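Order of the sequence lines sets the chain letters (A, B, ...), proteins ahead of strands, with each chain counted from 1. A quick note: this is a predicted structure, and the numbers were derived from the prediction, not measured.
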2 protein chains.
Amino acid sequence: MTSLVLTQAQPLYVQLKEHILARIRSREWAPGSRVLSENEIVEQFSVSRMTANRALKELTQEGFLARVPGVGTFVKEPPQRASLLEIRNIADEIAARGHFHSSEIAHKGLVDASPAIAEEFETNAGARLFHITMVHRENGVPVQLEDRYVNPLAAPDFLNLDFAGITPTAYLVANVPVDELEHTVEAMMPSPQEQALLDVPAGEPCLTLHRRSWSRDRVVTAVRFTYPASRHALYSRYRPSGSNHSMESDQT
Amino acid sequence: MTSLVLTQAQPLYVQLKEHILARIRSREWAPGSRVLSENEIVEQFSVSRMTANRALKELTQEGFLARVPGVGTFVKEPPQRASLLEIRNIADEIAARGHFHSSEIAHKGLVDASPAIAEEFETNAGARLFHITMVHRENGVPVQLEDRYVNPLAAPDFLNLDFAGITPTAYLVANVPVDELEHTVEAMMPSPQEQALLDVPAGEPCLTLHRRSWSRDRVVTAVRFTYPASRHALYSRYRPSGSNHSMESDQT
DNA sequence: TGTATAAGGTTGTCTATACAGCTATAGAGA
DNA sequence: TCTCTATAGCTGTATAGACAACCTTATACA
């Protein structure tokens with residue numbers, strides 16, 4: 001039996017969700033198998049049925065479970081979706097082209113989160129975050145400006161690195177498991193600072209890729225990559241998972 | 001006062017959600033303004049507070065509302081962005097924001113493939129292809145320029161449609177199975193024609209999403225979507241497939 | 001005038017209970 | 001043996017009440 005300890009630090013339904021997710025991730029409950037019913041949760045954890053219902057309902061909305069009235073609650077098969085945007089290390093991409101990667105740090109330190117950054121991190125303004133700004137060059141030409149904030153709780157040693165031999169992306173991928181990703185891609189005109197750092201001609205737009213990463217329901221890092229339009233595009237080619245032409249479920 | 005009639009055909013919280021959404025879409029409650037508090041809903045609709053809470057909570061999870069403890073519940077600004085990972089119909093995305101979609105055809109006909117287009121279609125220059133150029137508008141404002149070539153062998157009826165009730169994207173998704181996809185995302189300055197069609201101020205860049213679709217090793221369609229930078233972004237959020245860091249029941 | 005306190009409204013969570021609709025199964029009856 | 005029925009368990013929904021945390025505003029006090 002796993003721990004039945006429910007603390008007061010977090011809401012009960014959150015602790016229930018994490019407990020169930022842990023047992024799914026450990027494959028104790030494999031895809032397709034039944035999980036605890038609401039009444040079983042009520043008995044085993046001494047919570048009310050509404051609280052058990054909330055935990056199971058939210059996990060269902062998040063895609064982990066499927067519920068069938070009159071039958072039970074089951075672990076869902078994780079969706080296999082091809083990713084347009086994999087996390088790829090700029091140093092590796094440049095090396096794969098047979099070119100030379102170099103980088104320099106424009107800023108590195110501990111900062112107070114602005115209201116906008118705090119909202120991205122789902123925390124309060126003034127929270128302390130690691131911050132780094134780097135320029136990545138391909139054969140000496142700037143191709144990427146990296147403006148990254150990192151949650152100190154998730155990567156406490158982040159500031160101790162000099163990022164000469166390893167990029168922040170590579171370090172984080174190797175050291176922090178990622179549960180969820182959010183990407184936003186935009187076009188924009190660079191600010192004067194960005195224009196200077198990237199050595200962009202006046203009038204040339206930039207592509208920005210903004211990424212947030214979660215681990216254990218906590219934002220680990222938020223990063224904005226800025227690429228001069230003429231020097232970089234985002235590309236992907238893949239086979240959609242459901243390419244057997246079944247009309248399928250989605251009617252969005 | 002709007003209708004207070006709550007029937008028994010649907011769950012109460014669903015009717016409450018639709019009622020609130022309708023008042024948001026009618027601009028009675030504009031973005032940023034406050035909606036009814038839970039207690040006000042309890043009074044006006046004679047439901048319990050838990051039911052009112054469920055309606056507001058789910059609308060918040062769906063991104064329509066934002067809740068601030070101790071203050072109230074507010075209408076959120078709908079994000080202007082399209083899905084990156086899936087092929088989604090712009091008409092549906094606009095409708096999901098509660099806005100009005102319209103479109104007009106700038107060109108439709110049979111054309112000879114230029115060398116560049118022929119290469120995209122893995123065929124010879126001079127091949128005959130269907131071509132369509134459309135402007136999609138959200139509440140009257142141009143948000144997407146669609147410049148699409150279609151293989152007549154894959155969709156022979158394509159030119160017979162007027163694309164008033166269905167977009168080319170929706171038609172092709174429904175009628176041609178897709179085996180493989182290629183995406184390229186770039187930032188660029190619009191050409192004078194594009195600038196005019198999209199009604200973009202001078203100096204504003206655009207985001208372009210170029211997509212090729214294959215079916216049975218044959219290019220079905222190649223399309224270039226152009227979005228004014230200030231009016232649209234591309235977005236995705238998902239859980240990576242390999243997110244099983246089975247640390248289990250620890251308490252990081 | 002300025003500051004501390006109290007009050008009231010708001011969301012967030014949790015409990016206990018109830019009823020309805022659905023499903024699988026065991027048991028009764030033909 | 002087969003069929004129908006009752007039952008138990010499951011999810012879905014809804015109610016009423018309660019306490020906590022938070023924010024704003026008004027009030028009392030120094």
Aromatic plane relationship, A:Y171 with A:F163 - under 30° parallel, 30 to 60° tilted, over 60° perpendicular: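 Aromatic pair A:F163/A:Y171 classed perpendicular.
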Worked verdict on B:R97 versus B:E93 for salt bridge (charged side-chain N to carboxylate O under 4.0 Å, His left out): CA-CA 7 Å; B:R97 290 194 279 270; B:E93 290 190 332; 5.2 Å; no
How many angstroms lie between atom [atom1] of [X] and atom [atom2] of [Y], to the nearest 0.5 angstrom?
X      : Y      : atom1 : atom2 : result
B:N53  : B:E58  : CG    : CD    : 9.5 Å
A:R224 : A:T133 : CZ    : OG1   : 12.0 Å
A:F130 : A:D157 : CZ    : CG    : 8.0 Å

Step-by-step side chain to side chain donor-acceptor pair (under 3.5 Å) determination, B:H232 to B:E138: CA-CA 11 Å; B:H232 222 76; B:E138 177 164 356; 5.0 Å; no
Side chain to side chain, B:L65 and B:V75, heavy atoms closer than 4.5 Å: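 Result yes, sub-4.5 Å side-chain heavy-atom pair found.
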Boundaries of the chain A footprint along DNA chain C (any atom under 4.0 Å from a heavy atom):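 Under 4.0 Å from chain A, the extent on DNA chain C is C:dT13 to C:dT23.
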Base-contact (B) and sugar-phosphate-only (S) positions in nucleotides 9-16 of chain D, heavy-atom cut-off under 4.0 Å, - elsewhere: BBBBBBBB
